[in-house]
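Beneath this line is the structure, given in structure tokens, with notes to follow.
In what follows, residues are counted from 1 in the order of the sequence shown. Being a predicted model, the structure only gives us computed values, none of them experimental. When reading the values below, keep in mind they use all heavy atoms of this one structure, side chains included, and skip hydrogens, waters and symmetry mates.
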Amino acid sequence: AMVEVAQLVVSHRLVTLTGAGGVGKTRLALEVGRVIVQKPKFPNGVWFVDLAPLTDPSAISQRILDLWRVLEQAERSPLETLIAYLRAKEALLILDNCEHLIGACAELAETLLQQCPQLSLLATSREALNIGGETPWRVPSLTRPLTGVPFACT
């Protein structure tokens with residue numbers, strides 16, 4: 001799965017990992033990011049933003065800007081600042097947990113893809129963003145429980 005998704009991300013600008021809660025969308029996105037960061041296609045890196053803690057859709061742009069510690073600019077909205085920052089970047093931005101802000105995430109993804117020609121997005125959501133150019137990839141549910149993998153929680 002990881003290799004297949006990584007190939008999609010290299011060849012498509014928006015890939016959305018979909019599936020039920022708890023199937024491993026975030027883990028798969030992180031694995032893909034680790035592999036992709038070594039590819040020459042994204043010299044400006046792979047960036048991960050968890051949207052789960054957000055309740056206000058208007059805070060998404062600022063949350064992403066916080067990744068790079070970009071300061072707010074009085075004359076620009078956070079979205080305008082984000083576009084200006086990312087416009088020339090060749091990067092992959094992973095938007096994790098889009099489902100509870102799906103409309104705002106879809107709008108943001110569409111805007112970033114239009115305004116930032118070298119930017120690619122990998123989103124995780126229980127449902128697709130349903131915008132042009134999106135390549136949804138369904139993360140299969142586990143058919144049997146994982147066994148024999150001991151781990152400790154501290």
Taking only residues two or more places apart in sequence, or in another chain, which ones meet [X] in a side-chain hydrogen bond (donor to acceptor under 3.5 Å, both in side chains)?
| X | answer |
| --- | --- |
| Q38 | none |
| R126 | none |
| E127 | none |

Could you list the residues that satisfy side chain to side chain contact (heavy atoms under 4.5 Å, CB included) with [X], not counting sequence neighbours?
| X | value |
| --- | --- |
| A20 | V23 |
| V10 | I36, K41 |
| A128 | T18, N130, E134, P136 |
| S11 | none |

**OP:** For W47, check ring pair (Phe, Tyr, Trp, His ring centres under 6.0 Å) against everything at least two apart and list the hits.
**Re:**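 Testing W47 for ring pair (Phe, Tyr, Trp, His ring centres under 6.0 Å), a comparison that skips the adjacent residues, returns W68.
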Subject >> Pairs touching residues 20-43 that satisfy ring-ring contact (aromatic ring centres under 6.0 Å, His included), sequence neighbours left out >> reply: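 Every candidate ring-ring contact (aromatic ring centres under 6.0 Å, His included) pair involving residues 20-43 fails, so no pair, neighbours aside, qualifies.
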Subject >> Residues that E90 engages under salt bridge (charged side-chain N to carboxylate O under 4.0 Å, His left out), provided they are two or more places apart >> reply: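 Result, salt bridge (charged side-chain N to carboxylate O under 4.0 Å, His left out) vs E90: none returned.
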Original post:
Under 3.5 Å, is there a donor-acceptor pair between the side chain of H100 and the main chain of L51?
Top reply: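 Yes, because the side chain of H100 sits within donor-acceptor range (under 3.5 Å) of the backbone of L51.
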Original post:
Given side chains that start at C-beta, do those of F48 and T26 come closer than 4.5 Å, heavy atoms only?
Top reply: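 SC-SC contact between F48 and T26 confirmed.
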Original post:
Roughly how far apart are R76 CZ and I83 CD1, rounded to 0.5 Å?
Top reply: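 It is 9.5 Å, given to the nearest 0.5 Å.
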Acceptor/donor pairs from residues 102-120 side chains to any protein atom, 3.5 angstrom cut, sequence neighbours excluded:
{"unit_1": "T111", "atom_1": "OG1", "unit_2": "E107", "atom_2": "O", "d": "3.0"}
{"unit_1": "Q115", "atom_1": "OE1", "unit_2": "R87", "atom_2": "NH2", "d": "3.2"}

Original post:
Can you list every pair that meets side-chain hydrogen bond (donor to acceptor under 3.5 Å, both in side chains) and has a residue in residues 53-67, with sequence neighbours left out?
Top reply: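 As it turns out, the side-chain hydrogen bond (donor to acceptor under 3.5 Å, both in side chains) pairs with a partner in residues 53-67, which skip direct neighbours, are D56-S58, Q62-D66.
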